[in-house]
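First up is the structure itself, then whatever we jot down about it.
In what follows, every chain begins at residue 1, and chains take the letters A, B, ... in the order their sequences are listed.
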Number of protein chains: 2
Amino acid sequence: MAKKKTSIKDIAKSLGISITTVSFILNGKAKEKRISEELTLKVEEYIKEVGYKPSHLAQSLRLGKSKVIVFMVEDISNQFFASIARKIEEKAYKNGYKIIYCSTDNDPEKAKALIDTFKVRSVDGFIITPTPALESTVLELLEEEFAVLLFDRWIPSIDCSYVVVENEKSAFEATSHLIQNGCKNIGFITVESDQIQMIDRLKGYSYAMESNGLKKNVFMLPFHNLSELGASSKIQQYLQKNSELDGIFFATNYLAFEGLQALNSLKKRIPEDVLLVSFDDHYFFTLFQPNISAIEQPLESIAEKLMEGMLMLLEDDGSSKPDFKVTLPNILHIRESSDYKK
Amino acid sequence: MAKKKTSIKDIAKSLGISITTVSFILNGKAKEKRISEELTLKVEEYIKEVGYKPSHLAQSLRLGKSKVIVFMVEDISNQFFASIARKIEEKAYKNGYKIIYCSTDNDPEKAKALIDTFKVRSVDGFIITPTPALESTVLELLEEEFAVLLFDRWIPSIDCSYVVVENEKSAFEATSHLIQNGCKNIGFITVESDQIQMIDRLKGYSYAMESNGLKKNVFMLPFHNLSELGASSKIQQYLQKNSELDGIFFATNYLAFEGLQALNSLKKRIPEDVLLVSFDDHYFFTLFQPNISAIEQPLESIAEKLMEGMLMLLEDDGSSKPDFKVTLPNILHIRESSDYKK
DNA sequence: TATTTTTGATAAATCCTTTTAGCAAGATTC
DNA sequence: GAATCTTGCTAAAAGGATTTATCAAAAATA
C-alpha cells in the first residue's frame, strides 16, 4: 500500500509545473537551464518533504549506464577473493557503483554463461579472474565496449587491462630465501594448472634453483576437489618418497595447509627438519607454531588499483585508448628466527 | 561500434511485424495469444540468428521487479559470511536472481544509508544481518512490501522472517561438554555486543554453569577493532589473572584464534591444562595441533533456507501474510580424544 | 445473404527518466 | 515602433520492454 513510489511526474503534477523543470532541478541544471531561483527552491523543498528519490532503473535505461560492476572470481568464499571484495566494495559505493559478485569455479562454460547473463543486465564493467579458454569471450566484451579489468591472472594473448602481482619475482625471492638458509633439496608443491600466475610461480622457483645449480623437484596435484581428493595424504606420500627434502615452497596457502597436516603426520620438525615458505600469506601462518614464512599479496593495493583502473575505464569517453596494466610487488615475510640456518 | 544492441523494435521492423507479436512470442504466449505457428517459428529463428536478448533494465522498469537481491552482512570478507555468499549465489542464479553484496561493519548509520540506496535501485529483496538500532528501517522495508529476511541474528521486537541457529542450545551443550569432562572453572570469552546471537550464547553458557552449581566467569572484549586492540594480549592478561581456569568457551572463532595465541604465549597445554571449545567451526581447528572442539553452524542448510525463504517471500502475491522463521540446529564437534577426562 | 465468431495480428499506453528543440512574454537595441 | 535577445519554462521523443484493448478478415452460423 505504501508500495507506490512517487515519481517525477507526481512531483510535477503536485506543483503544477512540468516534468522537465523538475528534472533539470534534480540534476543541478537549474542555473544552466535558467530556472528561477524561486521555483528551484520551492521544488527542492518539496522533494525533500516527500522524500522523493529518482528511480535508478529508469535512469539507467535512459542513460545506458547502470552503475553496476560485476566482480567475477573463481570462488567468492576464498579468503583472498573475499578480502578483495570487501575492499573494492567501499571504493565502489563511494563512487556510486554497486557490485554484483559471481563465482566461476574456474569453469569456462560457467564463466561464459555468467558473462552472457550480465551483458543483458547492462552492467557497466567487469572485474574478472579469467578462467582458461576465455579469450574470445573477453574480446567480445571489449568489442562491445564494456570496461574490462582482469586480475589475479591475465591473458597474454589479448590486449586487456589488468592488475596482477609479481608472481615470478616473488617465487624467485622465496626460493632464494630457502637456498640462502642452507636448503639444498627444495620441493615445489603446486597444482596442475595452466593459469598464468601458477606458471609464473613455477618459473620463479625454477630460475632460482637453476641459478644456484640445484636440482628441481616439482610435485603437482590435480587442480579440482583438492580436499575430497585427500591432498594431504598425497603430499604425505610425496614427502616420504622424497625424504631428502630440506625445504618446501608451497604455491598457494591451501596447499601449505594440507602440507602442514602431512608434515605433522610425518613428525617432521619445522624449521629443523624442513624449511617452509608459502605463496599467499594467511592469518593462520602467524597463528601456527612455529610461524610459517609466506609471500603476502598486497590486498589493499590490489583493491585500490582495481577500482582506480575500473573507474578510469568507465569514465573513458572512447576518444583515448584506455589502458591500465599494473603489476604489483608482494611482500615476503620471513618468520623463522632471523639467525636460523640449516 | 558493436555497442548498439538490437532491441525488440529492431526485430519487429526487420521482420515487418509488430513489437507486440515479437513480445508475445518471446514470452511464450504465442499460443495463448493466437500467433500462427508459422510466424512464431520464423520469429524464434530470427531471434536466435541475431542473438537477441531482451534488456533486463527495460523489463525491470516495466514489471517493477529487478530480480536483484541484496545480501547485506556485517563483513563480506568474514569467512562465515563469504561462505554463505558462495552458497546462496548458486541458488539465486538458478532462479534468475542476481546478488549485490554490501558490508555494514555493524554500523547502523552505514546500514541505513545502504538500504536507502538500494530502495532506489528497486531491488526485490533483502537478506540482512541486522545492526543494532535497525528496527525502524527494517519496518519501513516491510511496509514498502520488500521481501526481507534476517539471518545470523533477528530482531525480537518486530515480526520479520529470519533464518538463525540455535545459539543458546548449542552454547549450553558446549559448556555441558566441558563440565562433563571434568572442568570446574570455565571461562566464557566474548565481545561486548547486544547482538542477540551473542546474548543467546551467553545465556546458554550461563544456564549450563548455573544448572551445575558452577561459578560463571565471563570476559568481554570491546566489539570493535579487535586485532588493533591487541585482543590476544588482553586475553592473555585475563588468563593470567584467572589461572584457575580449566576450561574456556570462546563465543566466536576469531576470539578462539586470539585465545590460542595467548595460551601459546602462556605455555598452557591443551587439553591437559585447559580444555577448549569455540563457537563457529573453522578449517583451522582441525589443522591446529591439537584439534580444537567447536560448534559448526550448518552453512549449507542456512544457505538453503535463506534462498528458500527469500524465493517464498518474493513470490508472495500479497494475499497471504508471508512468514518464514527458521531456527537451525548446529553440530558440536568434539575433538579431544574421546576418553579424555580432566 | 446477413450476422456472429474466430483467427491473427497490432496500436498505443505504461513504467520513469533525460534531453533536445521550441515557445511566449518581456527586455534591449536600433 | 520594429526587430532582436533574454528569460523562464515546457512538449515531446527516446530508451526497451509488457499488456490491454481493438480491429480487419475469414470462417461459421442462422
Fill in: Under-4.0 Å side-chain N/O to phosphate OP1/OP2 contact, B:K29 with D:dT19
yes
Worksheet entry | Pairing of A:K325 and A:D159 as salt bridge, 4.0 angstrom limit | yes
Worksheet entry | base_contact_polar (D:dG15 base, A:R62 side chain, donor-acceptor, <3.5 Å) | no
Item to complete: Answer yes or no: is there an ion pair linking B:E308 with B:K91, defined by an N-O contact shorter than 4.0 Å?
Response: no
Discussion item. Just the rounded figure in Å: distance from C1' of C:dA12 to CZ of B:F24.
Written reply: 12 Å
Worksheet item: Is the shortest side-chain N to carboxylate O distance from B:R86 to A:D105 below 4.0 Å?
Response: yes
Discussion item. Taking any heavy-atom pair under 4.0 Å as a contact, classify B:T21: base, sugar-phosphate, or nothing.
Written reply: base
Worksheet item: Are B:S23 and D:dT18 close enough that a side-chain N or O sits under 4.0 Å from OP1 or OP2?
Response: yes
Discussion item. Contact between A:V326 and A:L328 at the side-chain level, heavy atoms closer than 4.5 Å - yes or no?
Written reply: yes
Practice prompt. Using a cut-off of strictly less than 4.0 Å, decide whether A:Y52 has a side-chain nitrogen or oxygen near OP1 or OP2 of C:dT17.
Written response: yes
Discussion item. Counting only side-chain heavy atoms from C-beta out, which of C:dT18, D:dT18, C:dT17 sits nearest to B:Q59?
Written reply: D:dT18
Item to complete: Respond yes when some side-chain nitrogen or oxygen of B:T20 is under 4.0 Å from OP1 or OP2 of C:dT10, and no when none is.
Response: no
Worksheet entry | Nearest-angstrom distance from the residue atom CG of A:L63 to P of C:dT17 | 12 Å
